[in-house]
Peer 1: 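Just dropping this structure here.
What you see below is based on every heavy atom in this structure, not just the backbone, and it leaves out hydrogens, waters and symmetry mates. Every value quoted in this text rests on a predicted model; they were computed, and no experiment measured them.
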Amino acid sequence: GYPLYTLAGRLCLALPVGDPGFRMNLFSAACGASACGVLALAARRLIASGARARRFDPGWWASAAAGLALGLGPGPWWQAVIAEKSAATLLLIALVLAVCARAFAGGGFAARLLPLLGLAYGVSAAHHGQTAYLAPAALLAGLGALRCAPPRLRARAVGLAVVLLLLGLSVKLLYPPMRAAAHPVHNWLNPHSLERYLYYAAATPYQYRLFYWSPLDAARRFRDQLVEFPAAQFGWAGVVLALVGLAWSARRRPAETLALGGVWAAGTFYCANFVLSGQAIRTYYHPVLMVTAVWLARGWWLALGWKGRRRRDAVRALAAAWLGWMALTHGRLARRDRSYVAYDYSR
């Protein structure tokens with residue numbers, strides 16, 4: 001069901017290090033770490049808002065802290081030490097978010113952003129359906145990039161974006177039936193005929209999980225998950241800073257806030273109505289947590305921008321202490337008495 005992950009994993013198996021299990025776990029770790037770096041760059045782009053970024057200004061400190069906070073949280077950490085597709089999902093969604101951030105920040109090369117956005121979204125959507133969360137942000141970013149492009153380049157940019165979008169989706173739409181025709185050992189749903197292919201492409205075995213709960217149960221799940229997951233990921237101090245960043249963005253950057261808020265709302269609505277619970281649903285919250293991390297970066301940026309050197313140094317010391325606390329706290333997930341799954345997979 002994940003052809004892109006399978007193809008990339010086949011390349012990783014050629015690495016001359018460790019055994020096959022180690023190589024696949026290493027691929028997840030590389031994807032997870034890269035996702036944190038790409039998220040930090042996306043947050044920095046939004047904070048800079050088209051201005052030239054200095055090397056060690058508060059925006060870099062805040063963005064790096066947000067990227068580390070995402071990686072040190074229990075959800076991404078757990079998925080980055082096992083042979084699973086979620087770390088790759090995190091990276092691909094971060095790349096889509098980074099292209100959207102470039103569009104929201106403005107500047108030149110607007111005509112080139114639209115094809116890049118089409119390719120990034122197509123590849124990510126071919127890998128995992130969570131990319132649908134980013135549809136509001138991608139749509140608004142694409143319209144913004146198109147509006148900034150010269151009129152003579154708009155039709156060409158739209159056409160190229162559609163071609164690259166379909167090219168990215170082809171990994172999911174065209175490769176599986178071609179591979180199924182070779183009768184491989186592992187052949188999920190065997191999409192060798194048109195009927196089987198439609199059954200496969202629609203993910204029919206999973207459709208019962210959508211809107212499984214009653215509206216009242218979904219509302220209760222939304223309440224519980226909203227209280228549990230952001231605080232478990234960033235701590236309550238991080239949640240407060242994210243709310244500060246959201247409030248500032250809503251006042252100063254309405255279009256950007258509308259786009260990111262759409263991603264956040266789509267993800268939480270989906271998770272509240274999906275049948276999975278506990279640790280399993282945590283991975284479906286990753287795009288929501290990425291958006292929260294962007295707002296967290298904005299909150300840290302506002303705190304680091306306080307006047308006075310002593311205040312800035314104090315905030316930086318608090319940020320370092322906060323990240324250290326998260327690393328020590330969440331690193332303990334690999335202990336058997338804390339999480340049997342995390343212990344076994346990290347080993």
Peer 1: Exactly one of His128, His127, His286 should register a side-chain hydrogen bond (donor to acceptor under 3.5 Å, both in side chains) with Thr89. Which one does?
Peer 2: His127
Peer 1: Are Arg253 and Trp248 close enough that some pair of their side-chain heavy atoms sits under 4.5 Å apart?
Peer 2: yes
Peer 1: Give the ring-plane orientation class for Trp264 versus Trp295, where under 30° counts as parallel, over 60° as perpendicular and anything between as tilted.
Peer 2: tilted
Peer 1: Give a yes-or-no answer on whether the side chains of Asp217 and Ser214 include a donor-acceptor pair shorter than 3.5 Å.
Peer 2: yes
Peer 1: Report the residue from Arg251, Arg298, Arg45 that forms a salt bridge (Lys or Arg N to Asp or Glu O under 4.0 Å) with Glu256.
Peer 2: Arg298
Peer 1: Is atom CZ of Arg156 surrounded by more than 12 heavy atoms (other residues, nucleotides or ligands) closer than 6.0 Å?
Peer 2: no
Peer 1: Whether the side chain of Arg23 engages the backbone of Val17 through a donor-acceptor N/O pair (distance < 3.5 Å, no angle test) should be reported.
Peer 2: yes
Peer 1: Can any side-chain N or O of Gln207 pair as donor or acceptor with the backbone N or O of Ala202 at less than 3.5 Å?
Peer 2: yes
Peer 1: Only counting residues at least two apart or in another chain, list the ones meeting side chain to side chain contact (heavy atoms under 4.5 Å, CB included) with Lys172.
Peer 2: Pro3, Ala126, Tyr200
Peer 1: Mind checking whether Tyr175 and Leu7 have side chains closer than 4.5 Å, heavy atoms only?
Peer 2: yes
Peer 1: Throw together a table of side-chain donor-acceptor distances under 3.5 angstrom for residues 157-167, partners on residues two or more places apart or in other chains.
Peer 2:
none

Peer 1: May I ask you to decide if Ala80's main-chain N or O and Ser28's side chain share a donor-acceptor pair within less than 3.5 Å?
Peer 2: no
Peer 1: Measure up the Tyr270 and Tyr284 rings against each other and bin them: parallel (under 30°), tilted (30 to 60°), perpendicular (over 60°).
Peer 2: parallel
Peer 1: Is a side-chain N or O of Thr204 found less than 3.5 angstrom from the main chain of Tyr199, in a donor-acceptor match?
Peer 2: yes
Peer 1: Please tell me if the side chains of Cys100 and Tyr121 come closer than 4.5 Å, counting only heavy atoms from C-beta onward.
Peer 2: no
Peer 1: Just how far is it from atom CG of Leu92 to atom OH of Tyr5, taken to the nearest 0.5 Å?
Peer 2: 12.5 Å
Peer 1: Do side-chain atoms of Ser170 reach the backbone of Leu173 as a donor and acceptor pair under 3.5 angstrom?
Peer 2: no
Peer 1: Within the structure provided, determine whether Pro230 and Gln233 are in side-chain contact (heavy-atom separation under 4.5 Å).
Peer 2: no
Peer 1: Any heavy-atom pair between the side chains of Val288 and Val263 that's under 4.5 Å?
Peer 2: no
Peer 1: Run the ring-ring contact (aromatic ring centres under 6.0 Å, His included) test on Trp301 and Trp61 for me, step by step, so that the C-alpha distance in whole Å, both residues' side-chain angles and the decisive distance to 0.1 Å come before the verdict.
Peer 2: CA-CA 8 Å; Trp301 172 68; Trp61 284 90; over 10 Å; no
Peer 1: Could you work out, with side chain to side chain contact (heavy atoms under 4.5 Å, CB included) as the rule, every residue matching Ala272, not counting sequence neighbours?
Peer 2: Phe222
